[in-house]
Amino acid sequence: MMEQTSKTLTSLLRGLKPLQVLGSTDIAINEVIFDSRKAGPNKVFVAVKGVQVDGHQFIPQTLQAGISALVVETIPENVPDQVTIVQVANSAQALGFLASAFYEHPSHQLTLVGVTGTNGKTTTVTLLYDLFSGLGYKCGLLSTVENRIASQVIASTHTTPDAVAINALLAQMVEAGCEYAFMEVSSHAVDQGRIAGLDFKGAIFTNITHDHLDYHLTFDNYIRAKKSFFDQLSKRAFALVNIDDKRGMVMTQNTAASVNRYSLRQMAEFRARIIENSLTGLHLDIDNQDFYGRLIGEFNAYNLLAVYATAVLLEQDKVETLTQLSRLKAAEGRFDYVMDQKRQVTAIVDYAHTPDALEKVLETIQALRKADAKVLTVVGCGGDRDRTKRPTMAKVACQYSDQVILTSDNPRSEEPEAIIREMEAGVPAGSRRQVLSITDRKEAIRTACRLAQSGDVVLVAGKGHEKYQEIKGVKHPFDDKEILKEEFSH
Ligand SMILES: CC(=O)N[C@H]1[C@@H](OP(=O)(O)OP(=O)(O)OC[C@H]2O[C@@H](n3ccc(=O)[nH]c3=O)[C@H](O)[C@@H]2O)O[C@H](CO)[C@@H](O)[C@@H]1O[C@H](C)C(=O)N[C@@H](C)C(=O)N[C@H](CCC(=O)O)C(=O)O
Ligand SMILES: Nc1ncnc2c1ncn2[C@@H]1O[C@H](COP(=O)(O)OP(=O)(O)OP(=O)(O)O)[C@@H](O)[C@H]1O
Ligand SMILES: N[C@H](CCC[C@H](N)C(=O)O)C(=O)O
Ligand SMILES: [Mg+2]
């Protein structure tokens with residue numbers, strides 16, 4: 001991480017409008033923290049009410065470690081006089097503003113575009129990063145797969161990192177001379193204030209379908225979380241929404257940003273039409289221009305259109321944009337092919353981990369497969385995550401496949417078999433004979449490959465780029481694509 005010179009607390013609080021400040025703000029701060037375990041002198045601890053615990057309860061530990069200042073919602077007792085207390089209405093939001101100020105507001109120093117939506121965020125930000133890099137700009141990327149500072153790759157831990165990490169990464173981008181940054185904005189991040197204080201030039205909405213109900217509890221809350229990203233935009237920003245999704249227009253109801261729409265089906269500022277959709281790519285009419293691209297499936301026509309529209313809104317040349325776009329490939333683990341040349345079996349690794357994504361990918365495979373080819377799907381559902389999508393994903397898999405193998409996908413703290421039982425509950429009565437349950441994912445993939453015959457397609461869904469299988473708190477090395485390659489090398 002980049003070394004940051006210390007700041008005064010006064011400078012960090014500028015523009016924050018605290019409810020109350022007790023003590024001096026003329027103190028040097030060399031780190032903004034929200035985890036008591038990092039406490040020490042010359043640091044400010046922001047006590048955030050989290051999902052598991054309330055950060056306020058760790059204030060005694062921070063005092064013991066010699067913390068200089070506290071940002072809190074509730075004034076704690078027994079705080080020594082020399083420790084400054086700043087009371088705010090919302091600590092999580094304050095954390096975003098402090099982090100931005102600490103790193104000298106990096107989001108103001110480059111053009112930042114955020115992408116939200118249940119599916120398509122990684123694909124869209126990766127295409128934007130590759131496109132703008134191809135157009136000759138230095139760019140940054142924050143994504144589920146990886147973060148990038150120009151060409152430097154930094155491992156990613158979240159789809160959207162915490163507020164301090166976001167600003168630290170953006171500051172590194174500014175330092176490296178990046179002009180653009182493209183980031184995924186997850187609904188968790190919006191809800192937890194991880195993006196507070198960021199100055200977005202553009203915000204894209206791809207779609208919203210069933211996911212994360214473990215966290216948001218209702219679909220309405222989930223919609224509201226995504227919408228509040230658009231509510232936070234400034235009037236200098238643009239919002240770009242997919243209006244073929246029925247929640248598209250809801251997103252921008254209360255935004256100050258200028259609203260632009262994209263669609264494959266109706267009138268909109270940005271339109272595209274599919275001329276041909278094949279296993280080698282898409283032939284589109286985008287904005288009345290002919291386009292050939294290497295990405296596959298109707299859902300990628302949406303992703304490509306969103307990326308094209310963003311480039312136009314950022315005043316890039318239309319023809320040059322389409323030329324660059326036609327060269328781009330999908331992000332890692334998204335409709336990623338492995339071929340068994342000997343047996344003529346095609347395997348596809350895809351990160352479809354929601355019912356809608358699984359349906360979109362299987363619809364694409366069904367439409368593009370050879371007439372007599374069978375589709376074999378290997379799929380699981382994550383543990384400690386939305387349980388309600390489990391039966392639906394199994395049902396979708398059965399609807400569009402000849403053979404389904406239900407298996408594990410990061411069971412985390414849950415019993416793998418129990419997750420599979422919940423998936424099995426969604427198997428339609430008439431489909432039972434086409435379903436096998438194999439807990440060990442490697443065995444499940446191998447079985448699908450062995451059952452496949454010449455011309456068939458094996459879909460391995462849910463883990464995409466992931467390089468691990470998380471079981472009971474341990475991340476075991478695991479890579480769908482490597483297992484397929486190994487299987488096909490025999
Ligand atoms: C459920 C959830 O989203 N949790 C995230 C959240 O944690 P939290 O603040 O609720 O944590 P908490 O344990 O309740 O602690 C509350 C506060 O006490 C502090 N604390 C805690 C313990 C201690 O000893 N001392 C201390 O100070 C913590 O630092 C925290 O500030 O805020 C943390 C910092 O930003 C995140 O790392 C953490 O992500 C967890 C690890 C996670 O797995 N999140 C997933 C679900 C997630 O965020 N996924 C989305 C992708 C979703 C998508 O596909 O769209 C993502 O953006 O990655
Ligand atoms: N525009 C889209 N609409 C529906 N499904 C899509 C779309 N784009 C991609 N998908 C499907 O969703 C899967 C995940 O895509 P991607 O990784 O781009 O989404 P994401 O929003 O970043 O997911 P996450 O929330 O896990 O970060 C893909 O592997 C594909 O199956
Ligand atoms: N293979 C994954 C996909 C998770 C996608 C992630 N973004 C989330 O839901 O947090 C799992 O369920 O473990
Ligand atoms: Mg993603």
Side-chain angles (χ1 to χ4, degrees), residues 1-109 142 157-158 160-175 189-199 232:
M1 235 167 252
M2 196 174 58
E3 276 302 311
Q4 202 61 32
T5 52
S6 80
K7 305 275 181 319
T8 63
L9 185 58
T10 314
S11 70
L12 298 187
L13 295 180
R14 211 164 282 144
L16 187 66
K17 299 197 192 84
L19 300 175
Q20 201 180 165
V21 179
L22 304 172
S24 169
T25 58
D26 189 22
I27 51 174
I29 298 294
N30 56 30
E31 197 178 351
V32 177
I33 58 162
F34 55 94
D35 186 337
S36 59
R37 289 160 289 200
K38 293 187 180 162
N42 298 108
K43 297 187 183 187
V44 52
F45 173 69
V46 184
V48 176
K49 286 185 178 141
V51 175
Q52 308 288 337
V53 286
D54 181 353
H56 288 79
Q57 77 188 57
F58 305 104
I59 289 174
Q61 283 90 317
T62 67
L63 295 173
Q64 207 140 43
I67 200 82
S68 296
L70 301 169
V71 174
V72 296
E73 290 177 15
T74 319
I75 307 268
E77 286 171 6
N78 305 323
V79 176
D81 285 347
Q82 71 275 18
V83 178
T84 305
I85 304 177
V86 180
Q87 189 186 24
V88 294
N90 184 327
S91 299
Q93 296 283 330
L95 177 63
F97 287 96
L98 286 173
S100 175
F102 185 77
Y103 288 100
E104 291 162 10
H105 303 294
S107 66
H108 298 239
Q109 298 178 54
L142 302 183
T157 57
H158 285 74
T160 310
D162 66 71
V164 176
I166 294 175
N167 283 283
L169 287 160
L170 291 178
Q172 281 181 266
M173 292 175 199
V174 171
E175 177 86 1
V190 180
D191 189 57
Q192 293 164 19
R194 294 182 211 161
I195 59 161
L198 296 179
D199 182 28
Q232 292 170 38

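Because the structure is predicted, anything quoted here is derived from the model rather than measured. FYI, the numbering just counts along the sequence from 1.
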So, the side chain of [X] versus the backbone of [Y]: is there a donor-acceptor pair under 3.5 Å, distance only?
X    : Y    : value
Q87  : E73  : yes
S91  : A47  : yes
Q109 : E104 : yes
D54  : Q57  : no
T84  : S24  : yes
S6   : N30  : no
K43  : K38  : yes
T10  : T25  : yes
T62  : I59  : yes

Supply the atom-to-atom distance [X] [atom1] to [Y] [atom2], rounded to the nearest 0.5 angstrom.
X    : Y    : atom1 : atom2 : answer
T160 : L142 : OG1   : CG    : 8.0 Å
K7   : L13  : NZ    : CG    : 13.5 Å
L98  : Q93  : CG    : CD    : 11.5 Å
T74  : I85  : OG1   : CD1   : 11.5 Å
L9   : N42  : CG    : CG    : 11.0 Å
N167 : M173 : CG    : CE    : 10.5 Å

Heavy-atom closest contact (P18 atom, V86 atom, distance) =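 Residues P18 and V86, closest heavy atoms: CB-CG1, 3.6 Å.
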How about Q64: does its CD atom have over 12 heavy atoms from other parts shown lying under 6.0 Å from it?
-> no
side-chain contact (heavy atoms from CB on, under 4.5 Å) between Y103 and V164: does it pass, once the steps are laid out?
-> CA-CA 9 Å; Y103 288 100; V164 176; 4.3 Å; yes
Are L198 and L170 close enough, and set up right, to give a side-chain contact (heavy atoms from CB on, under 4.5 Å), and what steps lead you there?
-> CA-CA 10 Å; L198 296 179; L170 291 178; 3.9 Å; yes
Begin from the C-alpha positions of V44 and F102 and carry the test side-chain contact (heavy atoms from CB on, under 4.5 Å) through to its verdict.
-> CA-CA 11 Å; V44 52; F102 185 77; over 6 Å; no
Passing option when F45 is tested against I33, L63, V71, V72 for side-chain contact (heavy atoms from CB on, under 4.5 Å) = I33
